[in-house]
*Asks:* 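Structure incoming, see below.
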Amino acid sequence: MSSSGSQSIQSVLKETRTFAPPATFSAEAHIGSQQQYDAMWKRAKDDPAGFWGEMAENLDWFRRWDTVLQGQMPETQWFVGGKINASYNCVDRHLLGPHRNKAAIIWEGEPGDTRVLRYQDLHREVCKFANVLKKLGVQTGDRVTLYMPMIPELTIAMLACARIGAVHSIIFGGFSSEAVADRNNDARARVVVTADGGWRRGKEVPLKAAVDTSLDKCPTVEKVVVVRRTGGEVDMVPDRDFWWHELMESVTADCDPVPLDSEHPLFILYTSGSTGKPKGVLHTTAGYLLGTTMTSRWVFDLKEDDTYWCTADIGWITGHSYICYGPLSNGATVVMYEGAPNWPDEGRFWEIIEKYRVSIFYTAPTAIRAFIKWGDQWPEKHDLSSLRLLGSVGEPINPEAWMWYHKVIGQERCPIVDTWWQTETGSIMISPLPGVTATKPGSCCRPLPGIVPDIVTRDGQSLGPNEGGLLVMRQPWPSMLRTLYGDHERFKKTYFSEVPGCYFAGDGARHDEDGYLWVMGRVDDVLNVSGHRLSTMEVESTLVAHSKVAEAAVVGFPHEIKGEGICCFVTLKSGEGDEALKAELVQHVRHSIGALATPDQIRFATALPKTRSGKIMRRLLRDIAAGRESTQDTTTLEDLSILAKLRSDEE
Ligand code: WT7
C-alpha cells in the first residue's frame with residue numbers, strides 16, 4: 001500500500017465479489033445494456049443542454065423553456081422561460097388515461113389501519129387543500145411548515161403547496177419544539193400544518209403540543225392547521241388553529257395549478273451541518289422534478305405494475321424525492337408506512353411486503369444492520385417473492401450488510417442499487433443501474449447520465465485509481481440546490497470554495513480500476529494515524545465483518561505518539577463483551593487491515609448515538625473518546641439516554 005501524498009486518504013478495503021444483473025432483468029429494464037448507458041452518459045457529458053432538454057420532454061409544461069442551462073456553477077438556472085407545476089406533473093397528468101383509478105398511495109398506519117388513494121382521490125384532496133391554503137391567505141412564494149406524521153395528509157399538503165407555488169418546509173416529526181421554532185423563524189413561515197400526534201412504537205408522539213410551545217417564539221406564523229390522527233387531546237387557539245377536516249368541508253375540489261417559472265422555489269429542507277445552525281437547502285421546481293423523475297425511472301426501473309416502497313420518512317430528502325415527487329411523477333403506486341419497523345414485532349416490514357406484494361424496496365444501511373441483529377427468523381416467516389429490486393441509501397453500506405440484504409431479503413434474485421446522493425443534490429447521483437451494472441458490495445458504482453464526478457486533492461488535481469480524495473462534481477445538474485435559504489454566501493462557501501470550479505460534496509471517496517466509486521464517509525471523519533489518513537468507515541466495516549459485532553463507530557482521539565489513536569465503539573449482536581473479545585477484535589482489525597489500523601481502544605456499548613435519520617454522531621463519540629465534556633449540539637440525537645450510558649461505561 002503506498003501513500004499518495006498528504007492530500008489523499010488511504011483505502012484499506014478490498015472487495016472482489018461482483019454480482020451481474022440477471023439477464024431477464026436486463027431484458028426488461030428501461031436501461032438494459034452497458035452500451036446504452038455508456039452512450040447516454042457520454043452524450044450528457046458532451047452536450048448537457050441537449051441531453052437534459054430531451055429528458056425534459058418527459059415532463060408536462062405550460063410553456064416550453066427558452067434556454068436549458070444558463071450560467072455556471074454555483075449560479076446556474078435550468079429551463080429558463082419555462083412554465084411548469086410539480087403538482088400537475090405528479091397528479092393531474094395521470095388522470096387523462098387509465099391511471100386515474102390506479103392506486104397512488106397505499107398507506108398503512110402503525111396500529112394497522114389502512115387507506116388507499118387512487119390518483120383521482122389524490123387529485124381531489126390536493127385541490128381541496130390548495131383551496132384551504134388560499135383561504136388562509138397563503139400566496140405564491142409564501143412558506144408553509146409541515147410538521148406531520150407519515151400520513152397521506154403530508155403528501156397531500158406538499159402537493160397542495162406545489163400547486164399554488166407556496167414553498168413547503170417539512171420538519172421531521174421527531175424533532176423538538178426548538179427545532180420547529182428555529183426553522184419556522186429562518187423560513188419566516190406563515191402557516192404550520194401539523195396533527196394532534198402520530199404513532200411510534202405504540203405511543204403517541206404529540207406534535208400539536210410541540211407546535212404550541214414553538215409558536216411563543218415564532219412571530220411570523222399566523223395560522224395552524226391540525227389533522228386529527230390519534231384523537232389525543234389538543235388545545236385549539238381560536239382564530240389561529242383550525243381542524244383540517246373542518247376546513248376541507250368548506251372548499252371545493254376545483255383548483256387550477258399555477259403555471260410557475262422553472263426556477264420557482266419548490267421547497268426548503270433543513271439539514272444539519274457539522275457546525276453552526278441548520279442549513280436551509282433550497283430546491284426549485286423544474287430541475288428538481290426532472291432529476292427525481294428520471295432517476296426514479298432509471299434506478300428503480302419503475303414499471304406500470306410495480307408496488308414501490310421507500311421506508312424513509314418524508315421529513316428527509318429521501319422521502320421528498322422518492323416517496324413523493326419522483327414516483328408520483330412517474331404514475332407509480334407507492335406504499336407509505338407510518339410507524340416503526342419493530343412494532344408490534346420485528347417482522348413488520350416483511351409483513352407489509354408480503355401483504356401488498358411490494359416489488360421494489362428502498363431502505364437504509366442502519367435499518368439493515370438492525371434487521372441482521374434481530375435475526376433471520378423474522379424475514380423467513382414471510383413470503384418475499386414479490387421483490388424484484390432492492391435499494392440502499394444514507395451511508396456507505398458495509399459489505400457484510402450488503403451480502404445479508406442480497407441473500408436473506410433479495411434471495412439472491414434481486415439486484416441491489418446502492419444510491420449515493422445528498423439533500424443538496426436533490427436526486428440520486430451515483431448508483432448501479434439494475435439492468436446494467438455488475439455490482440460490488442459496498443460500492444455505489446457509476447455516475448448516472450448527466451453526472452460528472454471526480455476525486456481530487458484539495459487543489460483540484462484528479463487522483464488515479466484507488467487513491468482516496470475529495471468527491472466533487474465537475475458539471476452542474478438540474479436538481480442541485482440553488483442556495484441556502486437566506487444565506488447565499490454560506491452556500492457559495494460551503495459547496496463551491498473548497499475546490500475551485502467544482503461542487504464539493506464533503507465526502508471522501510476513491511474509484512477503483514473499473515471506474516467504480518467507493519464512498520469513504522464524510523471527510524471530517526477521517527483519522528490521521530501516524531501520518532496515515534484512514535477512513536473511519538473502513539475500520540467500522542472491518543469490525544462489522546466479525547461474527548459477533550452488530551454495529552461499530554470508530555473515532556480518533558488525541559494520541560501522544562500517533563497523533564490520533566483509534567477508538568472503536570462496538571455493539572454486539574448478543575451477550576456482553578469482555579477482555580478476551582476486545583483482544584480478539586483488535587487482532588481481527590490488525591489482521592484485516594494491517595498494523596497501522598490497530599485499535600487503541602475497544603469500548604462495548606449497548607447502543608450508539610444516532611441522529612434520527614440514522615447517522616452515527618461521531619462528534620459526540622469523539623468527545624467521549626477524548627474524555628472531554630461535550631459542547632456539541634445534541635438536539636438531533638435520537639435517544640439522549642445513550643450518551644449518559646456511554647459516559648458511565650468509561651474506564
Ligand atoms: C450524505 C448525505 C441522500 C439521502 C439520505 C441522506 C452519505 C448517502 C450514501 C451511499 C455512501 C452515502 C454521504 C452523503 N450517503 N448515501 N449510498 N453511500 N454514503 O441525505 O442527510 O443529505 O446525507 O450521506 O456521506 O454526503 P443527507
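One-based numbering, in listed order, for ligands and for the atoms of each. If you're wondering where the values come from, they're calculated on a predicted model, not measured in any experiment.
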*Asks:* Do me a favour and list the nearest non-hydrogen protein atom to atom 13 (C) of ligand 1 with residue, atom name and distance?
*Replies:*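 The closest heavy atom on the protein side is Asp507 OD2, 2.9 Å.
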*Asks:* If you take all heavy atoms of Arg369 and Ala401, which pair is closest and at what distance?
*Replies:*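 What the structure gives for the nearest pair is CG-CB, 4.3 Å.
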*Asks:* Quick one: do the Tyr308 and Ser296 side chains pair a donor with an acceptor below 3.5 Å?
*Replies:*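 Ser296 and Tyr308 do not have a side-chain donor-acceptor pair below 3.5 Å.
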*Asks:* In the protein, what heavy atom is nearest to atom 8 (C) of ligand 1, and what distance, to one decimal place, separates them?
*Replies:*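 Closest protein heavy atom to atom 8 (C) of ligand 1: Gly394 C, 3.3 Å.
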*Asks:* Of all the non-hydrogen atoms in the protein, which one sits nearest to atom 10 (C) of ligand 1, and at what distance?
*Replies:*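 Heavy-atom neighbour on the protein nearest atom 10 (C) of ligand 1: Glu395 O, 3.5 Å.
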*Asks:* State whether the shortest distance between N or O atoms of Thr318 and N or O atoms of ligand 1 falls below 3.5 angstrom.
*Replies:*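 The answer is no, given that Thr318 and ligand 1 share no N or O pair closer than 3.5 Å.
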*Asks:* Which of these passes side chain to side chain donor-acceptor pair (under 3.5 Å) with His488: Glu75, Lys493, Arg482?
*Replies:*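 Exactly one pass, corresponding to Glu75.
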*Asks:* With sequence neighbours excluded, tell me which residues meet side chain to side chain contact (heavy atoms under 4.5 Å, CB included) with Ala370.
*Replies:*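 Per chain and number, Ala370 pairs via side chain to side chain contact (heavy atoms under 4.5 Å, CB included) with Trp374.
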*Asks:* Does an N or O from Ser392, backbone or side chain, lie closer than 3.5 Å to an N or O of ligand 1?
*Replies:*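 Ser392 vs ligand 1: no N/O contact under 3.5 Å.
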*Asks:* What atoms of ligand 1 come within less than 4.0 Å of a heavy atom belonging to Thr419?
*Replies:*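 Within the 4.0 Å cut-off of Thr419, ligand 1 contributes 9 (C), 10 (C), 16 (N), 17 (N).
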*Asks:* Distance under 4.0 Å to a non-hydrogen atom of Ile317: what atoms of ligand 1 satisfy this?
*Replies:*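 With Ile317 as reference, the close atoms of ligand 1 come out as 4 (C).
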*Asks:* How close does the nearest protein non-hydrogen atom get to atom 22 (O) of ligand 1, and which residue and atom is it?
*Replies:*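 For this ligand atom, the closest protein heavy atom is Thr423 OG1, 2.6 Å.
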*Asks:* Is a donor from one side chain sitting under 3.5 angstrom from an acceptor on the other, for Lys610 and Thr366?
*Replies:*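 A pair is found: one side chain offers a donor N or O, the other an acceptor, under 3.5 Å apart.
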*Asks:* Where is the nearest protein heavy atom to atom 11 (C) of ligand 1: which residue, which atom, and how far?
*Replies:*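 Its nearest protein heavy-atom neighbour is Pro396 N, 3.1 Å.
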*Asks:* Could you pull out every donor-acceptor pair under 3.5 Å between side chains of residues 318-325 and any protein atom, sequence neighbours left out?
*Replies:*
{"from": "His320", "atom 1": "ND1", "to": "Ile314", "atom 2": "O", "distance (Å)": "2.8"}
{"from": "His320", "atom 1": "ND1", "to": "Trp316", "atom 2": "O", "distance (Å)": "3.0"}
{"from": "Ser321", "atom 1": "OG", "to": "Tyr288", "atom 2": "OH", "distance (Å)": "2.7"}
{"from": "Ser321", "atom 1": "OG", "to": "Ile317", "atom 2": "O", "distance (Å)": "3.4"}
{"from": "Ser321", "atom 1": "OG", "to": "Gly426", "atom 2": "O", "distance (Å)": "2.7"}
{"from": "Tyr322", "atom 1": "OH", "to": "Thr295", "atom 2": "OG1", "distance (Å)": "2.5"}
{"from": "Tyr322", "atom 1": "OH", "to": "Ile428", "atom 2": "N", "distance (Å)": "2.9"}
{"from": "Tyr325", "atom 1": "OH", "to": "His168", "atom 2": "NE2", "distance (Å)": "2.8"}

*Asks:* Would you mind running through ligand 1 and noting each atom that sits below 4.0 Å from a heavy atom of Asp418?
*Replies:*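 What qualifies from ligand 1 is 10 (C), 17 (N), 18 (N).
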*Asks:* So, taking the atom named OG1 in Thr437 and the one named CG in Asp514, what distance separates them when rounded to the nearest 0.5 Å?
*Replies:*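 Spacing of OG1 (Thr437) from CG (Asp514) equals 12.0 Å.
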*Asks:* Determine, considering heavy atoms only, which of Trp421, Trp518, Tyr322, Trp420 sits nearest to atom 2 (C) of ligand 1.
*Replies:*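 Looking at heavy atoms only, Trp421 sits closest to atom 2 (C) of ligand 1.
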*Asks:* Would Gly506 count as a contact residue for ligand 1, given that I'm defining contact as a non-hydrogen atom of the residue lying under 4.0 Å from a ligand atom?
*Replies:*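 It does not; every heavy atom stays at 4.0 Å or beyond.
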*Asks:* Are Arg388 and Asp306 close enough for a salt bridge, meaning some N to O gap below 4.0 Å?
*Replies:*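 Asp306 and Arg388: salt-bridged.
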*Asks:* Which of the atoms in ligand 1, numbered in the order shown and given with their element, are less than 4.0 Å from a heavy-atom of Val519?
*Replies:*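 So the answer, numbered in order with elements, is 11 (C), 19 (N).
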*Asks:* If we count only N and O atoms by modelled type, under 3.5 Å, do the side chains of Ser329 and Asn89 hold a donor and an acceptor together?
*Replies:*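 On atom types as modelled, these side chains do not qualify, holding no pair under 3.5 Å.
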*Asks:* Quick one: is the NZ or CZ of Arg183 closer than 6.0 Å to the six-membered ring centre of Phe175, and within 45° of its axis?
*Replies:*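 Yes, Arg183 and Phe175 form such a contact.
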*Asks:* Looking only at distances, can you tell me whether any N or O atom of Gln422, backbone or side chain, sits closer than 3.5 Å to an N or O atom of ligand 1?
*Replies:*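 N/O-N/O distance under 3.5 Å: yes.
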*Asks:* Among all protein heavy atoms in this structure, tell me which lies nearest to atom 6 (C) of ligand 1, with the distance rounded to 0.1 Å.
*Replies:*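 Going by distance alone, atom 6 (C) of ligand 1 is nearest to Lys615 NZ, 3.5 Å.
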